[in-house]
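Reckoned from all heavy atoms, side chains included, excluding hydrogens, waters and symmetry mates.
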Amino acid sequence: MKLFQYFDFVIGSYEAGCTKPDPEIFIKAMEASKFQDLQPDECLHIGNTPRHDYLGARGVGWRSALINERDAKDLKAKYGQDIDEKHVFPSLYELHKKITSGEMSALALEDLFCQDHHEEDYEEVEIFYLDESDDELLLRIIEDQESLNDIDCCVEQGDEVPEEAALIPLPNRNAASTSRKRKVTGGPKISGSKDQSKKVDAKVSWDRNYHPDSREIVEFPYSDVKLNIENDNLSPFQVFLETVCFMELSILVRDQSELYMRQKGISFCMTDDEFRIFIGINFLMGYHHLPKQRDYWSTDPDMNVPFVANAMTRRRYEEIRAALHFVDNETADRNDRAYKVRPIIDHFNSAFQKAREPSKTQAIDEHMIKFKGRSKMKQYMKDKPIKWGFKLWCRCDSLTGFLYECDIYVGKKSSPDFGLGESI
């Protein structure tokens, strides 16, 4: 799903050998971070289940935020007073929005992300958060920038820091601080040693052209439908054809099927209308079950399905079914166990992402396609409603279930570059 690039590391139950809320998985996550002397209260866990995520993380001393659409009071009633209402958010988007927009007070932010605090230490004035990274202390500004332009271009070592540029440390970092903590963000850089007094043993360089709030805010059209449809009164069937890019799919299947039969020395030709009828018959067979496939063309009154028999003859249906192919066997990548259906998977992934803009909330989970035949890709999952079949990884919209992308699990790799979680 190409999400690995956004993380420094990924650890799942497969690699850890245990699942949440087992303390071991949280301990292994701390070890995987490779931070020296990392303490539990310096870690923040964001999850969507009260017992496994929020309470599980709190149980090992972590800080945690709960992403759950249920009312915080209902969650407290069900899971006890251990759930703090200030730590419950309806979505990751809302959590991000409250942090970046300043809706959360400094006290609430400190409670969620930082160490112990005292409410009387806070003042609504302009300040900078001071953090340490690669031997440089970074300053960022949150409030009004105008007063910074009146500050001298640099503060030499040992000079007093102006009142407008009071410094406080970011969570859990040993950076310079003042006795009065205040709220906000800034832009210049500081380098040098650290001191706990108002005299800062450092050199500060200011950039008068720094404008952190000058970025243009662009509203993204989340979940907007992108189908090229001019008529609003379309039937579900027409919407389906547009969503799956049926014409491109028909060309792909027709060309590969005809190529496959030519390679076998058999004359074969299929029209787009025949392919559409063939797909329709297979859809009908999925919900209208008969003992045998040939029964759909039976002349017995209790078996006959005129809708099928009048659309296509049984012989023609079986010819298309025998010729059906999606890839050129001579040029296909045989190292991919799913090479026979790979072009179809790629086509649907592309079509579904073209049909709809990504939503704000998405989920990646397993999906089973029932199958009991012979295949190296067949999986057995005893705890699933469908125990035997092909396992797919699906990325879907959390609210509507719309599928954006999927990939079939082809078995454990002989020499994987990443673990199961990272590769997904």
Side-chain angles (χ1 to χ4, degrees), residues 1-68 70 72 75-76 78-89 91-92 95-96 99 104 108-117 129 131-135 169-175 361-366 381-384 391 393 395 398 409 412-413 415-424:
M1 298 300 178
K2 301 178 182 179
L3 297 177
F4 182 70
Q5 57 182 314
Y6 300 108
F7 301 92
D8 292 328
F9 69 94
V10 176
I11 183 169
S13 56
Y14 181 83
E15 294 85 357
C18 56
T19 60
K20 298 172 296 186
D22 191 323
E24 187 66 23
I25 193 170
F26 295 98
I27 295 172
K28 290 189 175 181
M30 293 175 62
E31 294 173 350
S33 70
K34 297 181 181 178
F35 284 114
Q36 294 183 356
D37 301 325
L38 181 65
Q39 300 301 315
D41 64 351
E42 296 178 308
C43 303
L44 173 67
H45 180 79
I46 301 176
N48 64 341
T49 61
R51 192 181 308 280
H52 294 166
D53 290 309
Y54 182 84
L55 296 178
R58 293 263 160 177
V60 294
W62 282 33
R63 299 178 183 275
S64 60
L66 178 61
I67 308 300
N68 199 296
R70 295 177 60 183
L75 293 171
K76 290 187 71 171
K78 182 173 182 180
Y79 297 98
Q81 297 299 317
D82 292 334
I83 293 183
D84 192 327
E85 295 181 22
K86 300 190 297 295
H87 301 162
V88 181
F89 306 89
S91 66
L92 279 173
L95 171 60
H96 178 265
I99 294 174
M104 295 182 70
L109 282 170
E110 183 82 357
D111 180 55
L112 186 60
F113 298 109
C114 307
Q115 296 178 347
D116 296 338
H117 57 270
Y129 283 103
D131 193 11
E132 182 178 10
S133 175
D134 298 329
D135 298 327
L170 269 180
N172 307 314
R173 302 296 185 189
N174 298 321
T361 55
Q362 299 183 28
I364 299 175
D365 208 348
E366 301 167 347
M381 305 182 71
K382 64 177 182 178
D383 296 328
K384 296 289 184 180
K391 182 171 76 172
W393 293 104
R395 177 168 64 89
S398 300
Y409 179 67
K412 186 176 181 180
K413 296 179 180 179
S415 55
D417 296 326
F418 308 105
L420 183 62
E422 292 95 328
S423 62
I424 297 302

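Among residues two or more places apart in sequence or in another chain, the side chain to side chain donor-acceptor pair (under 3.5 Å) test is passed with T49 by D53. In this structure, the ring-ring contact (aromatic ring centres under 6.0 Å, His included) partners of F26, at least two apart in sequence or on a different chain, are H45, W62. Shown here are the salt bridge (Lys or Arg N to Asp or Glu O under 4.0 Å) partners of K28, two or more places apart in sequence or in another chain: there are none. Under the side chain to side chain contact (heavy atoms under 4.5 Å, CB included) criterion, I27 pairs with E24, E31, not counting sequence neighbours. A search for side chain to side chain donor-acceptor pair (under 3.5 Å) contacts involving Q39 returns nothing, not counting sequence neighbours. The side chain to side chain contact (heavy atoms under 4.5 Å, CB included) check on P23 picks up V60, with sequence neighbours excluded. Among residues two or more places apart in sequence or in another chain, the side chain to side chain contact (heavy atoms under 4.5 Å, CB included) test is passed with P21 by H52. Applying the side chain to side chain contact (heavy atoms under 4.5 Å, CB included) criterion to I25, with sequence neighbours excluded, gives A16, C18, K20.
The shortest heavy-atom contact between I83 and L75 is CD1-O, 3.9 Å. Considering all non-hydrogen atoms of both residues, P50 and L66 come closest at N-CD1, 3.8 Å. For the residue pair L44 and A65, the shortest heavy atom distance occurs at CD1-N, 4.1 Å. In terms of heavy-atom proximity, S91 sits nearest to I67 at CA-CG2, 3.4 Å. Pairing each heavy atom of D84 with each of Y54, the nearest pair is N-OH, 3.2 Å.
The neighbour count for R70 CZ, taken as heavy atoms of other residues, nucleotides or ligands under 6.0 Å away, is above 12.
Between atom NZ of residue K384 and atom CD of residue E366 there is a gap of 4.5 Å, rounded to the nearest 0.5 Å. The CG atom of D365 sits 7.0 Å away from atom CH2 of W393, with the distance rounded to the nearest 0.5 Å.
With hydrogens and angles ignored, the 3.5 Å screen pairs a side-chain donor or acceptor of R58 with a backbone N or O of S64. The closest donor-acceptor contact from the side chain of R395 to the backbone of I364 lies at 3.5 Å or more, if one exists at all.
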